[in-house]
Enquirer: 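Take this structure, written in structure tokens, and hold onto it; I'll ask about it next.
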Number of protein chains: 4
Amino acid sequence: MTGERPPGRPRSEAARRAILVAALELVAETGYGGLTIEGIAARAGVGKQTIYRWWPSRADVLLEAGAAKADLLVPVADQGSYAADLRVFLGASYRLANHPQLAELLRALMAEAQIDAAFAGRFRVGFLERRRDALAIITDRARQRGDLPDRPAPGTVADIVFGTLWYRILATHQPLDPQLVNDLVEVLASTPPATPAGPPAERRS
Amino acid sequence: MTGERPPGRPRSEAARRAILVAALELVAETGYGGLTIEGIAARAGVGKQTIYRWWPSRADVLLEAGAAKADLLVPVADQGSYAADLRVFLGASYRLANHPQLAELLRALMAEAQIDAAFAGRFRVGFLERRRDALAIITDRARQRGDLPDRPAPGTVADIVFGTLWYRILATHQPLDPQLVNDLVEVLASTPPATPAGPPAERRS
Amino acid sequence: MTGERPPGRPRSEAARRAILVAALELVAETGYGGLTIEGIAARAGVGKQTIYRWWPSRADVLLEAGAAKADLLVPVADQGSYAADLRVFLGASYRLANHPQLAELLRALMAEAQIDAAFAGRFRVGFLERRRDALAIITDRARQRGDLPDRPAPGTVADIVFGTLWYRILATHQPLDPQLVNDLVEVLASTPPATPAGPPAERRS
Amino acid sequence: MTGERPPGRPRSEAARRAILVAALELVAETGYGGLTIEGIAARAGVGKQTIYRWWPSRADVLLEAGAAKADLLVPVADQGSYAADLRVFLGASYRLANHPQLAELLRALMAEAQIDAAFAGRFRVGFLERRRDALAIITDRARQRGDLPDRPAPGTVADIVFGTLWYRILATHQPLDPQLVNDLVEVLASTPPATPAGPPAERRS
DNA sequence: GGTTAAGCGAGACGGTACGTCCGGTCTTCCT
DNA sequence: AGGAAGACCGGACGTACCGTCTCGCTTAACC
């Protein structure tokens with residue numbers, strides 16, 4: 001059976017949680033530049049070795065602390081149309097990124113991915129691709145439904161959507177903006193939010 | 001007169017250049033994580049103090065080394081239409097970001113901006129805003145010309161264009177892609193590829 | 001009765017012996033500086049707790065491993081005269097200390113005694129004083145026999161004899177030397193080699 | 001010329017002295033087991049690197065701190081006879097070793113020499129051999145003078161003298177003892193301190 | 001034959017110090 | 001006054017062991 005216990009003292013769930021909480025608090029308070037393994041260990045009341053035993057770097061601690069949240073909090077339920085699905089997905093994503101603490105965490109993860117190539121891989125698999133997969137559910141459904149525009153391929157849609165979101169987080173520090181959601185939905189789903197009748201009147205003057 | 005020399009020995013141009021070259025080489029060889037002031041100084045045959053005297057951080061050395069290039073190499077000359085202007089701008093930008101050495105430099109700058117708030121400001125003013133200003137020339141010209149779509153506001157266009165570019169650089173490490181340029185131009189300038197009536201003479205990059 | 005068994009699982013003699021053997025091997029291979037509780041446990045195939053349960057420190061493991069040997073192997077049988085007794089005692093002691101493995105062990109014990117005061121007490125009682133007691137048998141017998149010089153008191157004799165032995169072990173790493181035994185016997189038992197009248201039958205070692 | 005300065009900032013004499021003082025204080029207060037590089041650095045107000053730059057180990061700091069003292073404080077001036085020279089030398093040595101602070105230092109050095117073979121070599125050359133050389137001055141003078149007993153060779157005299165001294169320091173912690181000095185002088189120089197007339201009356205009963 | 005009690009291998013835990021790296025500052029002489 | 005050299009104080013790194021603490025599992029004696 002797979003349920004067998006390995007020998008020896010089992011891992012402390014309390015220590016694991018204390019470490020994740022301490023890391024999130026510290027990155028919110030001091031920024032990623034001020035985040036150190038020693039600081040996390042001290043705040044969590046834990047030996048440094050306990051951190052090194054389970055995570056390869058401080059960024060991996062943050063990754064574990066933050067990865068699940070995005071999955072759980074951004075819905076991909078069917079809203080009846082591609083445009084509606086996209087709008088709900090974008091709105092939830094942007095709302096999430098608007099929590100200062102979470103935005104700081106995302107900045108840290110992306111920064112570390114630029115510095116440490118090994119972490120970049122784990123970040124891609126454990127976070128970025130998961131988010132793309134979530135969006136793929138929406139585009140797949142739209143294709144089956146028949147209301148997916150055929151020119152910006154789903155992969156390009158993901159590049160544009162996540163690119164715009166990340167740019168706001170990393171470069172302008174203003175992730176949320178309802179108007180931006182409207183513009184993206186309009187541009188990608190060709191469905192002006194309030195004017196469903198004459199969509200592309202302003203396309204060419 | 002402003003042209004008066006301050007007393008004492010003038011700044012060594014040779015040292016300045018050796019430092020910039022050493023920094024670029026090192027960031028290309030070892031990545032930003034392996035870039036240190038001591039390493040730059042050793043490679044450039046320079047005292048550490050000489051670096052600290054003129055730059056606030058290692059990232060600022062890179063910023064000076066790389067900032068001017070983008071300005072010079074991405075043209076904003078009038079191509080006759082908004083779509084054409086955009087296509088040329090995007091193509092040049094993407095081509096630039098496709099140099100591995102330059103992409104590594106951009107990754108380093110964006111990473112440091114997430115870690116060091118003071119540098120983030122200098123990076124915004126010295127690089128990001130300059131790129132947005134370049135794009136603004138194109139949208140301003142399009143507005144005067146009359147072929148600027150009014151729904152995605154110019155600022156949003158910049159978010160989408162640069163967001164997609166940066167996302168490719170930071171997250172997927174595949175910045176250049178002619179198809180992506182096509183899709184963005186189509187989506188933002190409303191030039192469906194199925195409309196051969198338009199002036200897509202410059203489509204081939 | 002004292003022979004009653006306490007409840008619970010009895011101490012494992014196999015583990016005890018494995019620990020003593022592992023400690024002796026490791027101290028011989030890596031020196032005392034490379035001897036660790038974790039290393040002993042790993043080599044002996046034993047949990048660390050099993051060592052901590054029975055010995056206060058790694059040095060006490062060595063003490064138990066090596067203490068008995070000296071008692072057993074250095075004879076104090078009556079040789080007929082103080083000089084002869086002394087000669088046999090010294091010869092055996094020096095010969096013992098000439099085993100490299102045992103010398104390394106003695107060095108370790110004396111070193112730890114300088115570092116850990118509590119161990120120093122156990123070392124004195126469990127080793128040093130036992131050796132002095134063995135020598136005291138010889139001096140007592142000489143006093144009763146009447147051939148004990150009265151000026152270097154027995155305690156001083158012990159200081160000189162063991163001092164010289166330990167100095168050779170600790171400082172010069174050349175414990176054994178037949179000529180040294182001769183000199184010490186001559187100096188302490190007043191048997192000038194130039195006086196062939198005396199009973200130097202046992203001179204040749 | 002040899003007096004040329006190397007380039008760069010010269011070594012700080014203040015830091016060097018602060019480190020030696022801190023090490024001596026700490027070893028006296030906490031014993032060698034409680035002496036750490038970090039503790040020395042903290043007490044001296046010095047970076048750890050400054051210690052590692054100039055000394056290979058904490059014991060070498062103590063060696064430098066203590067080595068010169070013995071040379072300076074134990075006189076080898078001519079007292080007119082071998083016995084008198086020896087008595088003065090022994091008295092000064094024992095008096096020196098009776099300073100608790102210095103005795104603790106000597107214990108630390110000898111202990112470390114048992115643990116670290118590389119340090120043992122430096123200790124021998126930098127301390128032990130120097131002390132033997134000092135004693136050799138006395139035996140050489142005695143030989144020239146003609147009052148050196150010929151049987152315990154000078155090397156053996158050194159083994160006995162320093163052996164007894166070290167044994168008292170390491171094993172009994174009672175280095176000084178005027179009676180011990182008398183006994184050693186008598187035994188090695190065959191000159192009872194107050195009874196120069198009938199030297200060896202009690203030699204054989 | 002089940003209960004109780006302790007020893008045992010294993011290994012995670014909170015700590016402390018290690019020896020190294022680098023940051024940013026300073027002190028020296030030279031240009 | 002700038003610059004090369006390099007020592008300085010400081011702080012975090014990642015590692016090695018310390019001595020302690022759970023775990024599940026023997027291995028006995030006792031009921």
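Small disclaimer: the values here were computed from a predicted structure and weren't measured. In what follows, every chain begins at residue 1, and chains take the letters A, B, ... in the order their sequences are listed.
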Enquirer: Whole Å only: how far is the CH2 atom of B/Trp55 from the C1' atom of F/dG2?
Expert: 13 Å
Enquirer: In whole Å, I'd like the distance from the CZ atom of A/Arg43 to the P atom of F/dA12.
Expert: 14 Å
Enquirer: Measuring from A/Ile115:CD1 to A/Glu112:CD, what's the distance to the nearest 0.5 Å?
Expert: 5.0 Å
Enquirer: How many Å lie between CD on D/Glu13 and P on F/dA7, as a whole number?
Expert: 15 Å
Enquirer: Over how many whole Å does the gap from C/Ile19 atom CD1 to E/dC8 atom C1' extend?
Expert: 10 Å
Enquirer: Taking atom P of E/dA10 as reference, at what distance in whole Å does atom CZ of A/Arg53 sit?
Expert: 17 Å
Enquirer: May I have the distance from C/Ile51 (atom CD1) to E/dG7 (atom P), rounded to whole angstrom?
Expert: 15 Å
Enquirer: I want to check one thing: is the phosphate of E/dC8, taken as OP1 and OP2, less than 4.0 Å away from some side-chain N or O of C/Trp54?
Expert: yes
Enquirer: Kindly confirm or rule out a cation-pi arrangement of C/Arg11 over C/Trp54, judged by NZ or CZ under 6.0 Å from the six-membered ring centre and within 45° of its axis?
Expert: yes
Enquirer: Restricting to nitrogen or oxygen on both sides, can you table the protein-nucleotides 29-31 of chain F pairs closer than 3.5 Å?
Expert:
from, atom 1, to, atom 2, distance (Å)
F/dA29, OP1, C/Arg5, NH1, 2.6

Enquirer: Among all residues two or more places apart in sequence or in another chain, which pass the side chain to side chain contact (heavy atoms under 4.5 Å, CB included) test with B/Arg124?
Expert: A/His173, B/Ala120, B/Leu128, B/Glu129
Enquirer: Show me the side-chain donor-acceptor pairs of residues 36-46 of chain A shorter than 3.5 Å, one per line, residues at least two apart or across chains.
Expert:
from, atom 1, to, atom 2, distance (Å)
A/Thr36, OG1, A/Gly39, N, 2.8
A/Glu38, OE2, A/Lys48, NZ, 2.9
A/Arg43, NH1, A/Glu25, OE1, 2.7
A/Arg43, NH1, A/Glu29, OE2, 3.3
A/Arg43, NH2, A/Glu29, OE1, 2.8
A/Arg43, NH2, A/Glu29, OE2, 3.4

Enquirer: Take C/Pro10 and D/Gly47, find for each the nucleotide of DNA chain F with the closest heavy atom, and name the residue whose nucleotide sits nearer the 5' end.
Expert: D/Gly47
Enquirer: Can you name the residues that form a side chain to side chain contact (heavy atoms under 4.5 Å, CB included) with D/Thr30, not counting sequence neighbours?
Expert: none
Enquirer: Can you name the side chain to side chain donor-acceptor pair (under 3.5 Å) partners of D/Arg122, sequence neighbours left out?
Expert: D/Asp60
Enquirer: Does D/Thr50 put a side-chain nitrogen or oxygen below 4.0 Å from OP1 or OP2 of F/dC9?
Expert: yes
Enquirer: Counting only heavy atoms and a strict 4.0 angstrom limit, can you tell me which residues of residues 109-116 of chain D come near DNA chain E?
Expert: none
Enquirer: C/Arg11 side chain N/O closer than 4.0 Å to the phosphate oxygens (OP1, OP2) of E/dA6?
Expert: no
Enquirer: What residues form a side chain to side chain donor-acceptor pair (under 3.5 Å) with B/Arg58, not counting sequence neighbours?
Expert: B/Tyr32
Enquirer: Reading nucleotides 20-26 of chain E 5' to 3', which nucleotides get B (base under 4.0 Å from a protein heavy atom), which S (sugar-phosphate only), which -?
Expert: BBBBBBB
Enquirer: Between the side chain of B/Gln114 and the main-chain N/O of A/Leu170, is any donor-acceptor distance below 3.5 Å?
Expert: yes
Enquirer: Donor-acceptor pairs under 3.5 Å, side chain of residues 102-111 of chain C to any protein atom, not counting sequence neighbours: which ones?
Expert:
from, atom 1, to, atom 2, distance (Å)
C/Arg107, NH1, C/Ile169, O, 2.9

Enquirer: Atom CH2 in B/Trp55, atom OG1 in B/Thr50: separation rounded to 0.5 Å?
Expert: 9.0 Å
Enquirer: Could you state the interatomic distance from CD1 (A/Ile51) to CD1 (A/Ile19), rounded to the nearest 0.5 Å?
Expert: 4.5 Å
